[in-house]
Amino acid sequence: MDITLVFDYDGTLHNTLRIYERAFRQCYQWLVSEGHVAEQSVSTERISGWLGMNSKEMWNSFQPGLPADIKEKAENIIGASMVEQIINNKASWYKGTDFVLDELKKMGYNMVVLSNCKTAYKEVNWKQFSMAQWFSKFNDCETFDFAPKTEIIKTVRKENPGEFIVIGDRDSDFDCARACGAKFIGCLYGFGEDGELQGADEVIHSINDLPDKIKMLREYMCETKENK
């Protein structure tokens, strides 16, 4: 059975809060100093809740009344800061991720990434973490005009025949799996809120648990197909 593994990126492979919180706070100080927003306390928990959203969704959640040009400048500040931090080796994947990907590659799975991120962010991560050794493609939402993952997955499906397993930490990833009739593995170590991944086919508490869960799902999918 041909199976493509569709990975979310932030909160699934990449422990993004380490660089995102710093980038956001830099941007927020700029917004305050320019008089675009009133100063307020923004918790780490609130910031982590935006991870997994695309930039439009994030700003609509945080400051929906900001003019479009100010949102664009703010997005660029955050994006530039994150890219700089990645280039300066401040970013990190969850411990054991590269070993897990090695194992899955040896098992013969096709692997792709589908992320609510911008193109520049995708490109710097692709290069910095040498992702081509594991993944056939990294799909970013900017390329698709910030469409939701439930729409982008249709293109991913056309490019990759066979069955799908989606792996991610947010309900947008779960919705993506439902939209294409795929199995879903929820990553409870990521940035999702309590109960957000309820109903997932499998859940993991560490990236290191992933190969065993995929093996279980593969066996179930093969049995189901044989019994049809």
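Just so you know, these numbers use all the heavy atoms, side chains as well, and skip hydrogens, waters and symmetry mates.
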Atom [atom1] in [X], atom [atom2] in [Y]: separation rounded to 0.5 Å?
X: D98; Y: F129; atom1: CG; atom2: CZ; value: 10.0 Å
X: M131; Y: K122; atom1: CE; atom2: NZ; value: 10.5 Å
X: M111; Y: Q133; atom1: CE; atom2: CD; value: 9.5 Å
X: S206; Y: Y94; atom1: OG; atom2: OH; value: 10.5 Å
X: R18; Y: K90; atom1: CZ; atom2: NZ; value: 11.5 Å
X: N15; Y: K95; atom1: CG; atom2: NZ; value: 13.0 Å

Whether the side chain of [X] engages the backbone of [Y] through a donor-acceptor N/O pair (distance < 3.5 Å, no angle test) should be reported.
X: S48; Y: E45; answer: yes
X: E202; Y: K213; answer: no
X: N139; Y: V113; answer: yes
X: R170; Y: E196; answer: no
X: D10; Y: G52; answer: no
X: R22; Y: L17; answer: no
X: S61; Y: E57; answer: no
X: Y189; Y: T12; answer: yes
X: E142; Y: T119; answer: yes

Would D102 and K105 pass as an ion pair if we require N to O under 4.0 Å? no
May I ask you to decide whether K149 forms a salt bridge with D173, counting only side-chain N to carboxylate O separations under 4.0 Å? yes
Could you go through W50 and Y20, starting from their C-alpha distance and side-chain angles, then the distance that decides it, and tell me whether this counts as ring-ring contact (aromatic ring centres under 6.0 Å, His included)? CA-CA 10 Å; W50 295 324; Y20 180 71; 7.0 Å; no
Check step by step if salt bridge (charged side-chain N to carboxylate O under 4.0 Å, His left out) holds for K127 and E123. CA-CA 6 Å; K127 181 179 179 180; E123 291 176 348; over 6 Å; no
Do the side chains of [Y] and [X] get nearer than 4.5 Å, heavy atoms only?
X: L210; Y: I207; result: yes
X: I214; Y: Y109; result: yes
X: I3; Y: I165; result: yes
X: R218; Y: C222; result: yes

Is it the case that atom CG in N76 sees more than 12 heavy atoms from other parts of the structure closer than 6.0 Å? yes
Could you check whether atom CD of E193 has more than 12 heavy atoms from other residues, nucleotides or ligands sitting under 6.0 Å from it?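 Not more than 12 within 6.0 Å, no.
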Report the relative orientation of the aromatic rings in [X] and [Y]; use parallel for angles under 30°, tilted for 30 to 60°, perpendicular for over 60°.
X: W93; Y: W134; result: tilted
X: F62; Y: W59; result: tilted
X: F135; Y: W126; result: tilted

Could you list the residues that satisfy side-chain hydrogen bond (donor to acceptor under 3.5 Å, both in side chains) with T150, not counting sequence neighbours? none
Holding to side-chain contact (heavy atoms from CB on, under 4.5 Å), I want the full list of residues that pass it with E84, two or more places apart in sequence or in another chain.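 Here the qualifying residues are N88.
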Apart from F99 itself, which Ile, Leu, Val, Met, Phe, Trp or Tyr residues share its cluster (side-chain heavy atoms under 4.5 Å, direct or through members)?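 When side chains under 4.5 Å apart are linked, F99 ends up in no cluster with other residues.
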Would you mind listing the cluster partners of V112? Hydrophobic ones only (ILVMFWY), side-chain contacts under 4.5 Å, chaining allowed.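 When side chains under 4.5 Å apart are linked, the cluster holding V112 also contains V6, L114, F144, I152, I153, V156, F164, V166, F174, F184, L188, L197, V203.
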Honestly curious: do [X] and [Y] fall in one hydrophobic cluster under the side-chain, below-4.5 Å linking rule?
X: I185; Y: M107; result: yes
X: F7; Y: V124; result: yes
X: V42; Y: I78; result: yes
X: L66; Y: V32; result: yes

Please test I204 against C187 for side chain to side chain contact (heavy atoms under 4.5 Å, CB included), starting from the C-alpha separation and ending with a verdict. CA-CA 5 Å; I204 55 176; C187 303; 3.9 Å; yes
I need the full list of side-chain hydrogen bond (donor to acceptor under 3.5 Å, both in side chains) pairs touching residues 66-75, with sequence neighbours left out, sorted by first then second residue.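 Listed by first then second residue: N60-K71, E75-K118.
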Sequence neighbours excluded, every pair satisfying side-chain hydrogen bond (donor to acceptor under 3.5 Å, both in side chains) that has a member inside residues 29-42: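 Passing the test, one end in residues 29-42: no pairs.
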Go through the steps for D2 and N110 under the test side chain to side chain contact (heavy atoms under 4.5 Å, CB included), then give the verdict. CA-CA 8 Å; D2 292 329; N110 177 44; over 6 Å; no
